Amino acid sequence: MGLMLRADPMEPIYAPQHLEEGIEALAGEPVFRAILDRAGMPRFRRRRNGFATLLHIILEQQVSIDAAAAMHRRLAGLCQPLAPAPFLALDDATLRACGFSRQKMDYARRLAQAVASGAFDFGRLEAAEDDIVLADLVGLKGIGRWSAEIYLIFALGRADIWPAADLGLQLAVADCLALDARPTERQLREIGDAWAPWRSVAACLFWQSYLHARGRAAPQLSPELYAVAS
């Protein structure tokens, strides 16, 4: 296909790793060829491995991606740098003004405390196997499987993650495969098995289709969240 997605130092990095190779592996299937022809290449930017990114994923829980991006931008404007110690200094009123619910305040503060104390180490995640990363993340209060899987794709670039609880992914698969109803998480996990070892790439293609069908693009996040080529 001649698709060149490898980043140079002046260009963004896209998620997941080996995106070009995964697309070449999947593009022979009619469903993915149709998405590429209709909606184009997925262009979801890779995020930094660290506190600010996982905090953003907490904000994304049960709200739209655009709403979460807006909340994170407000927070980033008030908390500089966006790191555990400055975050823990913010009071409830400030966090509410950024859009935090009481539950998300609790989750975010617990995360900040774990990182500040050294109980949770983002550096350890880089070299760990997918299942170990998943277990470490879901061990944090407020981080369920969906949040951990999104982190694995977008912050660590893992190529074979399938976040079957994601509503947008469920809707896109139902539409692209002409299913009678939106699949459940369990059903979608079984469907996704067919696309291993490139399930993250498949997910990005379905998300691309979902956004294109609605005339939308991926939201622009705070610049400090994005990974850059070294």
Side-chain angles (χ1 to χ4, degrees), residues 12-13 15 44-128 132-158 161 163 165-169 185 207 211 214 216-228 230:
I13 301 171
F44 300 110
R45 289 187 63 177
R46 178 92 171 266
R47 306 179 198 176
R48 294 180 186 271
N49 175 30
F51 170 74
T53 292
L54 189 54
L55 181 60
H56 186 276
I57 290 172
I58 290 173
L59 289 174
E60 285 182 315
Q61 294 170 359
Q62 299 180 326
V63 302
S64 73
I65 54 177
D66 296 295
M71 287 188 279
H72 197 278
R73 283 194 294 270
R74 288 196 292 273
L75 176 64
L78 294 171
C79 184
Q80 298 180 356
L82 187 46
F87 180 81
L88 288 168
L90 301 178
D91 60 18
D92 287 4
T94 301
L95 293 180
R96 278 196 300 269
C98 293
F100 280 77
S101 65
R102 182 165 298 280
Q103 186 178 58
K104 288 183 180 180
M105 285 184 206
D106 180 53
Y107 295 163
R109 284 173 172 153
R110 287 174 183 266
L111 170 63
Q113 289 163 353
V115 177
S117 70
F120 189 83
D121 179 13
F122 283 101
R124 179 176 181 270
L125 304 183
E126 289 282 2
I132 294 173
V133 175
L134 189 69
D136 281 355
L137 289 169
V138 300
L140 295 164
K141 186 173 177 61
I143 304 298
R145 182 165 181 171
W146 175 85
S147 297
E149 288 173 334
I150 294 298
Y151 196 89
L152 276 157
I153 294 172
F154 289 104
L156 299 176
R158 303 303 171 85
I161 304 298
D166 187 84
L167 177 61
L169 183 58
E185 179 179 355
W207 282 323
L211 291 170
R214 290 155 180 80
R216 296 168 52 195
Q220 290 297 308
L221 307 183
S222 301
E224 64 270 16
L225 282 181
Y226 290 123
V228 294
S230 57

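Since the structure is predicted, the reported quantities are computational estimates derived from the model, not experimental observations. Heads up: numbering here begins at 1 and tracks the sequence.
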Check your understanding: Would you find a donor on one side and an acceptor on the other, under 3.5 Å apart, between the side chain of Tyr107 and the backbone of Ile143?
Key -> no
Check your understanding: What is the ring orientation for Phe154 with Phe44, classed by angle as parallel under 30°, tilted 30 to 60°, or perpendicular over 60°?
Key -> perpendicular
Revision key, fill the gap. Between Arg45 and Pro12 the two heavy atoms that sit nearest each other are NE-CB, 3.2 Å
**Study point:** Check: Glu60 and Trp146 side chains under 4.5 Å, non-hydrogen atoms
**Key:** yes
Exercise for review: Could you check Leu95 against Leu75 for side-chain contact (heavy atoms from CB on, under 4.5 Å), going step by step and ending with a plain yes or no?
Suggested key: CA-CA 8 Å; Leu95 293 180; Leu75 176 64; 4.2 Å; yes
**Study point:** Minimum-distance pair of heavy atoms, taken over all atoms of Arg158 and Glu126
**Key:** NH2-O, 3.1 Å
Donor-acceptor list for residues 84-91 side chains, cut-off 3.5 Å, not counting sequence neighbours:
from: Asp91; atom 1: OD1; to: Ala93; atom 2: N; distance (Å): 3.4
from: Asp91; atom 1: OD1; to: Thr94; atom 2: N; distance (Å): 2.9
from: Asp91; atom 1: OD1; to: Thr94; atom 2: OG1; distance (Å): 2.7

Review point. Under the 3.5 angstrom rule, does the side chain of Arg48 hit a backbone N or O of Glu224 as a donor-acceptor pair?
Key: yes
**Study point:** Verdict with supporting geometry, Tyr151 and Leu125, side-chain contact (heavy atoms from CB on, under 4.5 Å)
**Key:** CA-CA 11 Å; Tyr151 196 89; Leu125 304 183; 4.0 Å; yes
Practice item. Taking only Lys NZ, Arg NE, NH1 and NH2, and the carboxylate oxygens of Asp or Glu, determine whether Arg102 and Asp106 approach each other closer than 4.0 Å. Key: no
Review point. Are any of the side-chain heavy atoms of Pro163 and Leu169 separated by less than 4.5 Å?
Key: yes
**Study point:** Full working for side-chain contact (heavy atoms from CB on, under 4.5 Å) between Leu59 and Phe100
**Key:** CA-CA 7 Å; Leu59 289 174; Phe100 280 77; 3.7 Å; yes
**Study point:** Side-chain (Gln61) to main-chain (Gly142) donor-acceptor, under 3.5 angstrom
**Key:** yes
Exercise for review: Carefully, step by step, assess Met105 and Asp92 under the rule side-chain contact (heavy atoms from CB on, under 4.5 Å).
Suggested key: CA-CA 8 Å; Met105 285 184 206; Asp92 287 4; 3.8 Å; yes
